There are 2 protein chains.
Amino acid sequence: MPAEISGLRMTRQRWEVYRLLMEQRDHPTANDVFIRIKDRLPNISLATVYNCLEALTAHGIVRQVNFDREPSRFCPNHEEHGHFHDRRSGTIHDVSFKPGINLADVLDLPPGTVITNVEITLRGELPASPIAH
Amino acid sequence: MPAEISGLRMTRQRWEVYRLLMEQRDHPTANDVFIRIKDRLPNISLATVYNCLEALTAHGIVRQVNFDREPSRFCPNHEEHGHFHDRRSGTIHDVSFKPGINLADVLDLPPGTVITNVEITLRGELPASPIAH
DNA sequence: CCGATATCAAGAATAATTCTAAATCCATTT
DNA sequence: AAATGGATTTAGAATTATTCTTGATATCGG
Ligand SMILES: [Mn+2]
Ligand SMILES: [Mn+2]
Ligand SMILES: [Zn+2]
Ligand SMILES: [Zn+2]
C-alpha cells in the first residue's frame, strides 16, 4: 500500500476502497462498495465507506457520478468521459467524445465562459450483442 | 385555464404550478415553487407541489433537472438543451448546441445504440457582464 | 514513549422526496 | 339536481441516501 495517492494519506480502509473501484469498474454505489469490501475489511462501517469515497473524490482520485436522484456511483476513470446507462442490462458504460471533439466547441456559450466541470449522462439501449442472437 | 395540456387534466394547482414555471424561468426547486405559489394558492401543500411537478414531468410538459445531489429543479423549455450553473451568480442557464451539431455524432458509441435521454450539466463562470465593471 | 492530529466506528440527525389515509373535488350517470 | 365513483389534494408520517456527532483508535513527528 502506498503511503499516499495524490496527496491523500492512504489508510487501510481508503486503500481497499480504492482497489475495489479499480478492480470492479462497474460504477458501484457506496452501499455496493460496503457489501463487496466486507471480505477484506469485515469491521468497516458504512460511514467509513462514505468517508473514504468523499476523501478519494475530494482529491480527484475517483469521480462521483450521479444519475437523477439515484444513489451516487463512483468511477476511477480519469479521462474526460460521460456515462451511458443501458436500460436493457442496467449497466453503466463510460462514453468518450470522438477524437478531436471538444465540448466547448459544440456548445453555444457566451465567449469567455469558463467551464470547470462537465457531466454528461445518457440513457438508452446498446445494440444487442452480435454473439447472443 | 385549459381543460388539459398534453393529455394531462388541468387542475387549479397544476395550472398555477405550470404558469409559475413558464413565467419565472429560473429553474426553481419544488420548495421554491411552494413558496412562490402561496400568493395565488395559500392553502396548497408541499406534497401537492411535488405531485403537480411529477404529473407535469411525466407528461413531458416540464423537465426535471438535477445537479449532483442538490434538490431537483424544473424547467419548461422543450428544446434539447443542457444547463450551465454559474458559480459567480448561482444562476442556471439553458445551453444549446451550436446549429447543426448532433450529440450522437460527437460521442463514441457503438453503432446501433439508441439514445432515449440526454442530460448535460456544466459548472463554471460566465464572463463578467460588459455593463457591470 | 508522548502529545498532537487524523481517522474510524456506531448511531443519531438531516433533508429531499415519497407514501398513507382521509377529505374534497369533479365529471358523468341517474 | 342528487348520487356515484374515480381522481386529486392535504397533512403528516415514513423512507432513505447522506452527513454529522462523539468517543475510541490509529498514526505521526519528536
Ligand atoms: Mn447498486
Ligand atoms: Mn432554490
Ligand atoms: Zn465512468
Ligand atoms: Zn432548462
Side-chain angles (χ1 to χ4, degrees), chain A residues 1-21 27-38 40-59 61-75 92 121, chain B residues 1-21 27-38 40-59 61-75 92 121:
Chain A
M1 176 177 86
E4 57 176 54
I5 298 179
S6 301
L8 176 66
R9 197 171 96 199
M10 275 300 108
T11 62
R12 181 81 205 287
Q13 288 85 346
R14 287 173 183 166
W15 175 245
E16 294 298 347
V17 168
Y18 175 64
R19 279 220 304 168
L20 189 150
L21 290 176
H27 304 85
T29 64
N31 197 55
D32 291 337
V33 172
F34 178 56
I35 289 166
R36 291 178 190 175
I37 212 169
K38 278 183 174 155
R40 291 162 180 280
L41 297 173
N43 295 317
I44 198 172
S45 75
L46 180 56
T48 298
V49 172
Y50 273 104
N51 286 342
C52 292
L53 290 169
E54 189 198 340
L56 292 166
T57 301
H59 285 253
I61 300 164
V62 305
R63 238 179 84 185
Q64 182 172 348
V65 176
N66 296 299
F67 277 83
D68 301 338
R69 308 249 93 221
E70 295 175 15
S72 292
R73 297 173 173 278
F74 294 86
C75 171
I92 290 164
T121 60
Chain B
M1 176 177 85
E4 57 176 54
I5 298 180
S6 300
L8 176 66
R9 196 173 96 200
M10 276 300 107
T11 62
R12 180 84 204 284
Q13 288 85 348
R14 287 174 183 165
W15 174 244
E16 294 297 348
V17 168
Y18 174 65
R19 278 219 306 167
L20 188 150
L21 291 175
H27 303 88
T29 64
N31 197 54
D32 292 336
V33 172
F34 179 55
I35 289 165
R36 293 178 189 176
I37 212 169
K38 277 181 175 157
R40 292 163 180 279
L41 298 172
N43 296 317
I44 197 171
S45 75
L46 181 55
T48 298
V49 172
Y50 273 104
N51 286 344
C52 291
L53 290 169
E54 190 199 339
L56 292 166
T57 301
H59 285 252
I61 301 164
V62 306
R63 241 179 82 183
Q64 181 172 347
V65 176
N66 295 298
F67 278 83
D68 302 338
R69 309 247 91 224
E70 294 174 15
S72 292
R73 297 172 174 278
F74 295 86
C75 171
I92 291 163
T121 61

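These numbers come from a predicted model, not from an experiment. Just so it is clear: chains get the letters A, B, ... in the order the sequence lines come, proteins before strands, and each one is counted from 1.
Side-chain contact check for A/P28 versus A/L21: some heavy-atom pair is nearer than 4.5 Å. Using a 4.5 Å heavy-atom cutoff, the side chains of B/D32 and B/F74 are not in contact. The closest side-chain heavy-atom distance from A/F67 to A/S72 is not below 4.5 Å. At least one side-chain heavy atom of A/K38 sits under 4.5 Å from a side-chain heavy atom of A/F34. Side-chain contact between B/I5 and B/H59: absent, with no pair of heavy atoms (C-beta onward) separated by less than 4.5 Å.
If you measure from atom CG of A/D68 to atom C1' of D/dA17, you get 15 Å, rounded to the nearest angstrom. B/Y50 places its OH atom 15 Å from the C1' atom of D/dG12, with the value rounded to the nearest Å. Taking atom CG of residue A/N66 and atom C1' of nucleotide D/dT16, one finds them 15 Å apart after rounding to whole Å. Computed from coordinates, the B/W15 CH2 to D/dT9 P distance equals 15 Å when rounded to whole Å. In this entry the distance linking CZ of A/R73 with C1' of D/dT18 reads 16 Å, nearest Å. Whole-Å rounding puts the B/L46 CG to D/dG12 P distance at 13 Å. Rounded to whole Å, the distance from CE on B/M10 to C1' on D/dT9 is 15 Å. Atom-to-atom, CE of B/M1 to P of D/dT8 comes out at 12 Å; the value is rounded to the nearest Å.
Not one N or O on the side chain of A/R40 forms a donor-acceptor pair closer than 3.5 Å with the backbone of A/E16. A distance-only check finds no donor-acceptor pair linking the side chain of A/R73 to the backbone of A/N66 [under 3.5 Å].
Note: A/L41 CG to A/Q13 CD = 6.0 Å, rounded to the nearest 0.5 Å. Considering CE of A/M10 and CG of A/L56, their distance stands at 5.5 Å, rounded to 0.5 Å.
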What string of B, S and - do you get for nucleotides 21-30 of chain D 5' to 3' if you count protein non-hydrogen atoms under 4.0 Å? ------S---
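Under the 3.5 Å distance criterion, with hydrogens and angles disregarded, no donor-acceptor pair is assigned to the side chains of B/T57 and B/R63. The closest side-chain donor-acceptor pair between A/N51 and A/T48, if any, does not fall under 3.5 angstrom.
Relative to the axis of its first five pairs, the axis of the last five pairs of the helix from C/dC1-D/dG30 to C/dT30-D/dA1 sits at 30°, rounded to 10 degrees.
The outermost nucleotides of DNA chain C lying under 4.0 Å from heavy atoms of chain B, listed 5' to 3', are C/dA16 to C/dC19.
Within 4.0 Å of A/N31, counting heavy atoms only, lies no atom of the nucleic acid at all. Here B/Q13 lies in heavy-atom contact (under 4.0 Å) with sugar-phosphate atoms only.
Judged by closest nucleotide on DNA chain D, B/V49 is the one of A/A30 and B/V49 placed further toward the 5' end. Looking at which nucleotide of DNA chain D each of B/N43 and B/R69 is closest to, the 5′-most match is held by B/N43.
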Pair B/Y50-B/E54, side-chain contact (heavy atoms from CB on, under 4.5 Å): steps then yes or no: CA-CA 6 Å; B/Y50 273 104; B/E54 190 199 339; over 6 Å; no
